[in-house]
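Here's the structure, in structure tokens; my notes come after.
Side chains included, hydrogens not; waters and symmetry mates left out as well; all remaining heavy atoms used.
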Protein chains: 2
Amino acid sequence: MITNMNKFKNILKQKNIKPTYHRLKILEYIVENMGTHPTAEMIYDALKGEIPTISMTTVYNTMNSFLDKGLVTPVIITGTEVRYDYNKSHHHHLQCRKCGKIFDIDIECPLALGKKKFINGHRIEEVHGYFKGICKNCLKSKKE
Amino acid sequence: MITNMNKFKNILKQKNIKPTYHRLKILEYIVENMGTHPTAEMIYDALKGEIPTISMTTVYNTMNSFLDKGLVTPVIITGTEVRYDYNKSHHHHLQCRKCGKIFDIDIECPLALGKKKFINGHRIEEVHGYFKGICKNCLKSKKE
DNA sequence: TTCATATTTGTAATCATTATAAATCTGTAA
DNA sequence: TTACAGATTTATAATGATTACAAATATGAA
Ligand SMILES: [Mn+2]
Ligand SMILES: [Mn+2]
Ligand SMILES: [Zn+2]
Ligand SMILES: [Zn+2]
């Protein structure tokens, strides 16, 4: 849709990122697949069909500029790979130890409420929380 | 102290880990430097003076068996390195964006209370939380 | 002492990510 | 339109933490 592409174009312009074709397609992908919290590789694999010449470096470059401009945030759970989150609302995550998928968890975290700026004398700037367990899908799939 | 070494020996025996010299010295180091949440490299650097032949592989092997046996837990914040925590009580962490140090934060996290076993249909097995900010030491050191 | 087994070591491999420099694209001045 | 400076993309090499592997060494029971 041309209207959607205009939407993405505006998002990039608002963040002072030049809306190139690659950046638009990458943005489109992460917006429409927000719930998957994709890795760089997942983005690359999803786009290389439509853009056969795209390179991993471009994905990394793009995601790093998105990170710099605050368009996405990194989700770090395993330590083996960065996953990107377009959802900027404050929320937590759950990673399933069966399927590895990462889910958004919308619970009100008392610690995240903007109240306390200091804990134990340290200044708090960011609050992060995540769970590990078994996702609802894997629970359905029978045996533990 | 020989008494301390016996203490460490017993800790390893209780976990079914053979108390070799290397393992005892590594355990001693992480217990006495619990608050630093050391990396494999920090452990290696601290011990190579006393044990010149020690290798990084041994540190990794040892920490992996400590992890397997639940003697330590991994602290993953940056995604660039694993830090090890001997403190098994449930607690959170703060990493200072100035000095990079990791501090224990002992706050009662309502989410961590063993109550809820399920959230949004997912089974919760672990609750992790951490903060980013400026530690109290770096706050004292004048300019932001 | 002897031998099987576990531990430690040095080195190579892996994997995600970054660095680098060449190739390509884009927008604008002439 | 053409030419060109600057930005973007690409291919490739480098990096750094961790693991894989196989040889060397230590341990400890027979
Ligand atoms: Mn999310
Ligand atoms: Mn800790
Ligand atoms: Zn699952
Ligand atoms: Zn600090």
Side-chain angles (χ1 to χ4, degrees), chain A residues 8-9 12-13 15-27 29-30 37-69 71-85 95 100 102, chain B residues 8-9 12-13 15-27 29-30 37-69 71-85 95 100 102:
Chain A
F8 298 133
K9 214 170 274 190
L12 292 184
K13 280 179 185 163
K15 293 286 186 177
N16 268 341
I17 302 170
K18 275 191 197 161
T20 67
Y21 180 65
H22 293 73
R23 289 169 179 164
L24 282 168
K25 296 307 269 183
I26 291 174
L27 176 61
Y29 180 78
I30 61 175
H37 305 86
T39 62
E41 192 175 28
M42 289 161 74
I43 298 167
Y44 174 79
D45 287 342
L47 295 184
K48 70 184 177 194
E50 199 175 355
I51 314 171
T53 61
I54 198 172
S55 70
M56 275 296 275
T57 306
T58 293
V59 176
Y60 277 112
N61 287 342
T62 299
M63 295 316 292
N64 282 337
S65 72
F66 286 5
L67 285 170
D68 291 344
K69 299 298 175 62
L71 201 50
V72 297
T73 53
V75 177
I76 291 162
I77 296 183
T78 64
T80 65
E81 64 193 1
V82 174
R83 310 195 54 152
Y84 302 99
D85 199 345
Q95 184 166 43
I102 292 181
Chain B
F8 298 132
K9 214 169 275 189
L12 291 185
K13 281 179 186 164
K15 293 286 186 176
N16 269 340
I17 303 170
K18 275 192 196 162
T20 66
Y21 180 66
H22 293 74
R23 289 170 180 165
L24 282 168
K25 296 308 270 182
I26 290 174
L27 176 61
Y29 180 79
I30 63 175
H37 306 84
T39 62
E41 191 175 29
M42 289 161 75
I43 297 167
Y44 174 80
D45 287 343
L47 295 183
K48 70 183 177 196
E50 197 175 355
I51 315 170
T53 61
I54 198 172
S55 70
M56 275 295 276
T57 305
T58 293
V59 176
Y60 276 112
N61 288 341
T62 300
M63 295 316 294
N64 281 337
S65 70
F66 287 5
L67 285 170
D68 291 344
K69 299 298 175 62
L71 201 51
V72 298
T73 52
V75 178
I76 291 161
I77 296 184
T78 63
T80 66
E81 64 194 0
V82 174
R83 309 194 56 149
Y84 302 100
D85 199 345
Q95 183 165 43
I102 292 182

Atom of B/Asp45, atom of B/Lys48 and distance for their closest heavy-atom approach
OD1-NZ, 3.2 Å
Between atom CG in A/Asn16 and atom P in D/dA7, what is the gap in whole Å?
14 Å
Interatomic distance, CD@A/Glu81 vs OG1@A/Thr39, rounded to 0.5 Å, equals 5.5 Å
Select base, sugar-phosphate, or nothing to describe what A/Thr39 touches, counting heavy atoms under 4.0 Å on all strands.
nothing
D/dA17 C1' sits how many Å from A/Ile76 CD1, rounded?
15 Å
Treat primed atoms plus P, OP1 and OP2 as sugar-phosphate and everything else as base, then score nucleotides 23-30 of chain D 5' to 3': B for base contact with protein heavy atoms under 4.0 Å, S for sugar-phosphate contact only, - for none.
--------
Residues touching DNA chain D, which here means a heavy atom under 4.0 Å, drawn from residues 57-66 of chain B
B/Thr57, B/Tyr60, B/Asn64
Which side-chain hydrogen bond (donor to acceptor under 3.5 Å, both in side chains) pairs, counting each pair once, include a residue from residues 54-66 of chain B, with sequence neighbours left out?
B/Ser55-B/Thr58
What is the minimum heavy-atom distance between B/Leu12 and B/Pro19, and which atoms define it?
CD1-CA, 3.7 Å
To the nearest Å, how far apart are B/Met56 CE and D/dG16 C1'?
10 Å
Closest heavy-atom contact between A/Glu50 and A/Lys25?
OE2-NZ, 3.1 Å
Closest non-hydrogen atom pair, A/Lys9 against A/Leu24
N-CD2, 3.5 Å
If I compare all heavy atoms of B/Arg23 with all of B/Phe66, which pair ends up nearest, and what's the gap?
O-CZ, 3.9 Å
Does A/Val82 reach the side chain of A/Met63, with side-chain heavy atoms less than 4.5 Å apart?
no
Spacing between A/Lys25 atom NZ and D/dT8 atom C1', to the nearest angstrom
18 Å
Whole Å only: how far is the NE2 atom of A/His22 from the P atom of D/dA7?
18 Å
For DNA chain C, which nucleotides open and close the run of contacts to chain B, 5' to 3', at under 4.0 angstrom from a non-hydrogen atom?
C/dA6 to C/dT11
Which residues satisfy the side chain to side chain contact (heavy atoms under 4.5 Å, CB included) test with A/Lys15, sequence neighbours excluded?
A/Ile17, A/Lys69, A/Leu71
Among A/Val59, A/Ile43, A/Val75, the one residue meeting side-chain contact (heavy atoms from CB on, under 4.5 Å) with A/Tyr84
A/Ile43
Contacts to DNA chain D from residues 46-55 of chain A, heavy-atom cutoff under 4.0 Å, which residues?
A/Thr53, A/Ile54, A/Ser55
Just how far is it from atom CD1 of A/Ile54 to atom OH of A/Tyr21, taken to the nearest 0.5 Å?
9.0 Å
Does any part of the side chain of A/Thr78, heavy atoms only, come nearer than 4.5 Å to the side chain of B/Ile76, both counted from C-beta?
no
First of B/Ile17 and A/Thr80 reached from the 5' end of DNA chain C, by closest nucleotide
B/Ile17
Kindly give the heavy-atom pair with the smallest separation between A/Gly100 and A/Arg83, and that separation in Å.
O-NH1, 3.5 Å
